[in-house]
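Read through the structure below, which is laid out as structure tokens, and then see the notes.
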Amino acid sequence: MEESRLCQWTVIRSVLAILQWWGFNVTVIIMNKWIFQKMDFKFPLTVSCIHFICSAIGAYTVIKVLKLKPLIVVDPEDRWRRIFPMSFVFCINIVLGNVSLRYIPVSFMQTIKSFTPATTVILQWLVWSKHFDLRIWASLIPIVGGILLTSITELSFNTFGFCAALFGCLATSTKTILAESLLHGYKFDSINTVYYMAPFATMILALPALLLEGSGVVAWLQTDPPFLSSFCIIFGSGVLAFCLNFSIFYVIHSTTAVTFNVAGNLKVAVAVTCSWLIFRNPISMMNAVGCAITLVGCTFYGYVRHMLSQQTPGTPRTPRTPRKSMEFVPLVNEKLEDKV
């Protein structure tokens with residue numbers, strides 16, 4: 001009886017954590033798109049910088065003030081030698097995501113971001129000469145096919161926004177791969193990651209945002225209606241962006257890798273649906289089919305990775321088996337998705 005109640009509570013906790021994660025993620029995406037499209041605040045560098053500031057303050061509050069998470073101590077030398085390069089790529093990743101949101105619909109942007117597993121595998125194969133099981137390559141086929149179909153049939157296609165989203169995938173993959181070497185020896189969670197990276201990202205982005213968008217922001221403030229409501233929406237998106245990182249931490253510890261993978265792909269479907277209901281961007285039938293194929297492909301890819309990671313080290317080799325057990329699976333964290 002006690003075990004049954006414990007099992008029920010575990011399921012309820014997992015479902016609530018996933019719903020909370022979905023809520024924060026979809027809200028942040030919709031708010032950012034609203035800022036760019038409805039408020040006409042077309043300054044992605046400034047929005048990203050505000051998000052970094054809010055995340056840095058939030059992480060400091062959680063770790064240092066409220067002490068809800070223990071601080072993972074990093075040597076000062078490692079902060080510049082390891083954390084700073086990671087923060088630079090992290091910054092580029094977030095900026096490119098916001099830039100793409102300015103130019104293309106949420107549905108298209110989210111579908112392109114689902115290309116990240118493919119870019120991760122391809123980068124490791126080309127740059128780091130990693131070898132993967134043929135099942136990994138096969139699982140990428142529906143992802144690539146779905147992306148191509150979605151891009152060809154996208155009614156609101158914008159070349160600059162498409163390139164920003166695609167290079168954002170490359171930045172995400174690069175950050176994930178670099179984390180394997182640069183952060184070796186440190187077991188970071190999402191909160192400690194933000195605690196160390198957000199201040200560096202703010203420092204990196206503050207000057208470019210000021211030089212490239214400062215005059216535009218001043219002009220927008222002079223012509224925009226109620227300042228207080230606009231201020232609340234823009235900074236509110238930053239606060240929710242940090243809450244998203246906090247919710248990811250609880251989802252990671254409340255679900256299995258397979259559940260996290262499926263929930264992540266369903267989250268994309270929820271974001272696409274909500275954005276269409278709000279912004280009414282045109283979506284053709286073939287475009288929707290391409291998006292669905294991509295999401296199914298991502299789920300299949302996650303399943304294949306999980307099955308390969310569970311394969312016992314003593315499994316007999318076949319001619320197609322990679323040389324090392326480490327080469328079965330791409331160097332990506334099975335249960336972490338960086339968002340700010």
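Counting begins at 1 with the first residue of the sequence.
Here Trp276 sits in one hydrophobic cluster together with Leu277, Ile283; the rule is ILVMFWY side chains under 4.5 Å apart, joined directly or through other members. Other cluster members for Val296: none, since no ILVMFWY side-chain heavy atom sits under 4.5 Å from it. Hydrophobic cluster of Leu210: no remaining members, since no ILVMFWY side chain lies below 4.5 Å from it. Side-chain heavy-atom separations under 4.5 angstrom define the hydrophobic clusters, and the remaining members of the one that includes Val272 are Val268, Leu295.
A single hydrophobic cluster is seen to contain both Leu126 and Leu166, as judged by linkage of ILVMFWY side chains at heavy-atom distances under 4.5 Å, directly or through other members. Hydrophobic cluster membership is shared by Met31 and Trp21, with clusters built from Ile, Leu, Val, Met, Phe, Trp and Tyr side chains linked at under 4.5 angstrom. Phe43 and Leu221 fall within a single hydrophobic cluster, where Ile, Leu, Val, Met, Phe, Trp and Tyr are joined by side-chain heavy atoms under 4.5 Å apart, directly or via other members.
Every residue meeting the side chain to side chain donor-acceptor pair (under 3.5 Å) condition with Thr46, not counting sequence neighbours, appears here in chain and number order: Glu213. Among residues two or more places apart in sequence or in another chain, the side chain to side chain donor-acceptor pair (under 3.5 Å) test is passed with Lys38 by none. Listed by chain and number, the residues in a ring pair (Phe, Tyr, Trp, His ring centres under 6.0 Å) with Trp34 amount to none (sequence neighbours excluded). With sequence neighbours excluded, no residue satisfies ring pair (Phe, Tyr, Trp, His ring centres under 6.0 Å) with Phe24. A search for side chain to side chain donor-acceptor pair (under 3.5 Å) contacts involving Arg81 returns Asp78, not counting sequence neighbours. By the side chain to side chain donor-acceptor pair (under 3.5 Å) test, Ser107 is found to be paired with Asn281, residues two or more places apart in sequence or in another chain being considered. Here Phe88 pairs with nothing under the ring pair (Phe, Tyr, Trp, His ring centres under 6.0 Å) rule; sequence neighbours left out.
Atom CG of Leu71 sits about 12.0 Å away from atom CD1 of Ile191, to the nearest 0.5 Å. A distance of 5.0 Å separates CD1 in Ile136 from CG in Leu308, rounded to the nearest 0.5 Å. For the atom pair CG (Leu149) and OG (Ser284), the distance works out to 8.0 Å, reported to the nearest 0.5 Å. Taken to the nearest 0.5 Å, the CD1 atom of Ile143 stands 12.0 Å off from the CD1 atom of Ile293.
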Report the C-alpha distance between Phe108 and Cys291 in whole Å, list the side-chain angles of each, state the deciding distance to 0.1 Å, and finish with yes or no for side-chain contact (heavy atoms from CB on, under 4.5 Å). CA-CA 8 Å; Phe108 191 31; Cys291 181; over 6 Å; no

Intermediate values then yes/no, side-chain contact (heavy atoms from CB on, under 4.5 Å), Asn287 and Leu155: CA-CA 8 Å; Asn287 190 260; Leu155 300 177; over 6 Å; no

For Cys169 and Ile112: C-alpha separation, side-chain torsions, deciding distance, then whether side-chain contact (heavy atoms from CB on, under 4.5 Å) applies. CA-CA 8 Å; Cys169 291; Ile112 296 173; 4.3 Å; yes

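Here the side chains of Phe41 and Val217 are in contact, with some heavy-atom distance below 4.5 Å. For the pair Val74/Arg82, no side-chain contact is recorded, criterion being any heavy-atom separation below 4.5 Å from C-beta on.
Between the side chain of Trp220 and the backbone N or O of Lys42, no donor-acceptor pair lies under 3.5 Å. Between the Gln124 side chain and the Thr120 main chain, a donor and an acceptor come within less than 3.5 Å of each other. Under a 3.5 Å cut-off, the side chain of Arg79 and the backbone N or O of Tyr196 do not form any donor-acceptor pair. Between the side chain of Asp133 and the backbone N or O of Arg135 there is at least one donor-acceptor pair closer than 3.5 Å. Proximity of a side-chain donor or acceptor of Lys130 to a complementary backbone N or O of Trp125 within less than 3.5 Å is not detected.
Ring geometry for Phe90 versus Phe52: interplanar angle of 30 to 60°, hence tilted.
Only one option out of Tyr103, Phe115, Phe157 pairs with Phe162 in a ring pair (Phe, Tyr, Trp, His ring centres under 6.0 Å); it is Phe157.
In this structure, Tyr60 has its ring center no closer than 6.0 Å to that of Phe242.
Legend: side-chain hydrogen bond (donor to acceptor under 3.5 Å, both in side chains) pairs involving residues 155-165, not counting sequence neighbours: none detected.
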